[in-house]
Amino acid sequence: MSPVDARTVPVDPESEARLRASGFDYRVVDMDDDALAVSFARAAERGFLGSAPTDAEIVPMRETWRERRSIGVYEQDAASDALPVATVNSWVAPMSVPGGAVPMWSISMVTVAGTHRRRGIARNLLEGELRSAVAAGVPLAGLTVSEATIYGRYGFGSAVPVARIAIDTSRAGWRPAEVPGRVEYVEPVAVAREFQIVHERARLGRAGQVPGWPRRWMGLAGLGGDEEKKDASVRGVRYVDAGGEVRGAMAYSFKDAPASFRSILRVRHLEAETDDALRALWGFAVNHDLVDRVEADLRPVDDPIAHLVADQRAVELTVHDHGWLRVLDVPASLQARTYSAPADVVVRVDDSYGFADGTWRVRIDVSGAAAVEPVDAAPDVVLGVAELSAIYAGGVPLTQLSAAGRVQGTASAVHALSAAFRTDPAPTLGIWY
Ligand SMILES: CC(C)(COP(=O)(O)OP(=O)(O)OC[C@H]1O[C@@H](n2cnc3c(N)ncnc32)[C@H](O)[C@@H]1OP(=O)(O)O)[C@@H](O)C(=O)NCCC(=O)NCCS
């Protein structure tokens with residue numbers, strides 16, 4: 001599959017017509033136009049309850065958005081400098097899957113102004129994105145979400161759960177984990193650079209991941225683009241292996257622990273390419289002087305931290321949803337990844353939008369390769385597109401959805417498909433997009 005540039009994909013004519021009938025213009029925003037770029041940035045930041053972005057902050061936003069298709073919704077009779085009443089942007093990213101990567105229509109910056117909420121504008125944005133992705137031949141869509149109840153109605157499933165981790169350092173007891181390399185302090189700019197480099201080398205090792213981009217790494221390193229607003233409390237370290245190669249990096253900050261002169265170390269981001277790097281960076285955090293508690297989020301659900309300490313009960317690990325996926329093209333999505341076990345199952349997928357709807361024979365051979373074709377046959381398994389999307393990356397077992405009554409089928413077919421889709425290591429997604 002050749003990569004698709006979302007910027008070349010025109011706006012969806014159906015959403016454009018519907019919004020026009022309601023008095024709105026729905027159009028691509030030219031990020032080279034100063035006024036349009038600034039008003040898009042202000043609307044997007046307002047939508048996410050952020051403070052108005054400064055000129056310095058808008059510079060890296062624009063750089064990022066120039067690589068994406070940004071759409072604004074404007075009142076037809078609004079002044080030329082009016083903020084859009086809704087925003088969205090999208091780009092096609094290679095999402096890692098077992099055996100490689102699949103092109104994913106990544107959706108971000110979904111906001112609707114408080115003055116225009118609950119009039120169906122977001123529905124038009126989302127449906128427009130999905131139809132655009134289908135028109136461009138992109139087999140899968142994905143997003144990270146502010147609320148878990150918004151996107152199921154469009155066929156998205158919670159597919160890449162992650163873990164929030166808290167460690168009581170006074171109780172944990174570090175199990176000495178020898179690592180041949182060293183941890184060293186680095187300036188935030190260098191941490192951002194190491195995140196980018198290490199993530200690029202590591203991301204294909206686990207399903208569910210997408211490439212980061214400079215502004216994302218700078219933000220995690222505490223460098224938001226505005227020197228005056230920069231978060232000076234953020235510090236960084238990296239792990240250098242015995243051969244002198246950087247294999248991991250971590251940005252972190254401190255907050256006061258209540259009623260003590262001690263601190264909580266909050267990991268903003270930890271990127272590790274090797275087990276040694278991961279052990280070294282966790283060890284640095286857990287053994288840090290004056291720290292009672294270490295907190296991290298967006299960690300893999302199978303992060304080994306509980307096995308690096310003597311007392312597992314010192315580690316609280318809370319699994320929560322993060323990466324949401326939406327299968328648009330069943331054969332192309334399913335054939336883009338490899339599987340953990342053979343299977344031969346007829347699957348009925350219900351999709352009220354029609355994109356993934358149909359009855360499909362899924363044959364997985366002993367090498368883990370899949371062949372998927374439409375059939376006219378009685379299904380062994382019946383599920384909705386949100387459920388198919390939820391199991392796609394291998395992080396949610398089909399048996400779990402079946403136990404919840406969200407999937408119907410024979411026990412043998414459900415188990416066979418469940419075993420085939422599971423991935424080890426677990427899929428993960430360490431950033432917001
Ligand atoms: C979430 C948001 C984009 C919704 O925009 P909106 O234009 O009010 O949504 P719509 O009117 O198109 O609603 C479409 C459907 O989603 C539902 N919905 C909207 N917001 C919802 C929310 N926050 N939680 C659950 N359901 C929601 C509506 O009830 C409606 O349901 P139905 O059509 O199935 O009956 C808007 O509230 C917003 O900008 N929120 C702040 C930023 C944000 O969280 N963005 C999402 C980023 S992932």
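Bear in mind the structure is a predicted one, so any value in this text is a computation, not a measurement. In listed order, ligands and their atoms are each counted from 1. Throughout, numbering of the chain's residues begins at 1 and tracks the sequence.
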For ligand 1, is any non-hydrogen atom under 4.0 Å from Glu147's backbone (N, CA, C, O), its side chain (CB onward), both, or neither?
side chain
Determine the interplanar angle of the Tyr151 and Tyr154 rings, folded into 0 to 90°, and report it as parallel if under 30°, tilted if 30 to 60°, perpendicular if over 60°.
tilted
To which protein heavy atom is atom 48 (S) of ligand 1 closest, and what is the distance rounded to 0.1 Å?
Tyr151 OH, 3.1 Å
We want to know whether Ser15 and Arg131 form a side-chain donor-acceptor pair, criterion being a heavy-atom distance below 3.5 angstrom.
yes
Is atom 35 (O) of ligand 1 close to the protein, meaning a heavy atom under 4.0 Å from it?
no
Applying a heavy-atom cut-off of 4.0 Å, say which part of Thr144 lies close to ligand 1: side chain, backbone, both or neither.
backbone
Evaluation steps, side chain to side chain contact (heavy atoms under 4.5 Å, CB included), between Phe284 and Tyr239:
CA-CA 10 Å; Phe284 174 86; Tyr239 174 78; over 6 Å; no
Is any side-chain N of the basic residue among Asp55 and Arg62 closer than 4.0 Å to the acidic one's carboxylate O?
no
Per-atom filter on ligand 1: closer than 4.0 angstrom to a heavy atom of Phe48 are 42 (C), 43 (C), 45 (N), 47 (C)
Using distance alone, decide if ligand 1 has a nitrogen or oxygen within less than 3.5 Å of any nitrogen or oxygen in Gly120.
yes
Measure the distance from atom 41 (C) of ligand 1 to every protein heavy atom, then report the residue, atom name and distance (to 0.1 Å) of the closest one.
Gly47 O, 3.4 Å
Check each of Ile121, Val112, Ile107 against atom 38 (C) of ligand 1 and report the one with the nearest heavy atom.
Val112
Does Trp432 have a non-hydrogen atom less than 4.0 Å from ligand 1?
no
Quick one: nearest non-hydrogen protein atom to atom 24 (N) of ligand 1, plus distance?
Thr149 OG1, 3.5 Å
Contact atoms of ligand 1, heavy-atom distance to Arg117 under 4.0 Å
8 (O)
Could you tell me the residue and atom name of the protein heavy atom closest to atom 5 (O) of ligand 1, and the distance to it rounded to 0.1 Å?
Ala122 CB, 3.1 Å
To check your reading of the model: name the closest protein heavy atom to atom 43 (C) of ligand 1, its residue, and the distance in Å.
Ser146 OG, 3.5 Å
Does Glu373, at its CD atom, have more than 12 non-hydrogen atoms belonging to other residues, nucleotides or ligands within less than 6.0 Å?
yes
Describe, in one word, how the ring planes of Trp217 and His269 are oriented to each other, choosing from parallel (under 30°), tilted (30 to 60°) and perpendicular (over 60°).
tilted
Can Asp297 and Arg268 be counted as an ion pair, charged N to O under 4.0 angstrom?
no
Within the 4.5 Å heavy-atom criterion, are Leu383 and Val349 side-chain neighbours or not?
yes
Under 3.5 Å, is there a donor on one side chain and an acceptor on the other for Glu129 and Trp105?
yes
With respect to atom 33 (O) of ligand 1, which of Glu127, Arg118, Arg123 exhibits the smallest heavy-atom separation?
Arg123
Run the numbers on Glu57 and Thr54 for side-chain hydrogen bond (donor to acceptor under 3.5 Å, both in side chains), then give the verdict.
CA-CA 5 Å; Glu57 286 171 308; Thr54 62; 3.2 Å; yes
If we set the cut-off at 4.0 Å for heavy atoms, which region of Trp324 has an atom near ligand 1: side chain, backbone, both, or neither?
neither
Can you pull out the closest protein heavy atom to atom 26 (N) of ligand 1? Residue, atom name and distance to 0.1 Å, please.
Arg153 NH1, 3.6 Å
Please report whether atom 13 (O) of ligand 1 has a protein non-hydrogen atom at a separation of less than 4.0 Å.
no
Any Lys/Arg nitrogen of Arg42 or Asp81 sitting under 4.0 Å from an Asp/Glu carboxylate oxygen of the other?
no
Which residue owns the protein heavy atom closest to atom 45 (N) of ligand 1, what's the atom, and how far is it?
Val110 O, 2.7 Å
Could you tell me whether the side chains of Ser132 and Arg69 share a donor-acceptor contact shorter than 3.5 Å?
yes
Can we call the ring centroids of Phe24 and Tyr74 under 6.0 Å apart?
no
Number the atoms of ligand 1 from 1 as they appear, then name those within less than 4.0 Å of a heavy atom of Thr111, with their elements.
39 (O)
Is it the case that ligand 1 has an N or O less than 3.5 angstrom from some N or O of Arg119?
yes
Which residue supplies the protein heavy atom nearest to atom 1 (C) of ligand 1, what is that atom called, and how far is it?
Ile150 CD1, 3.7 Å
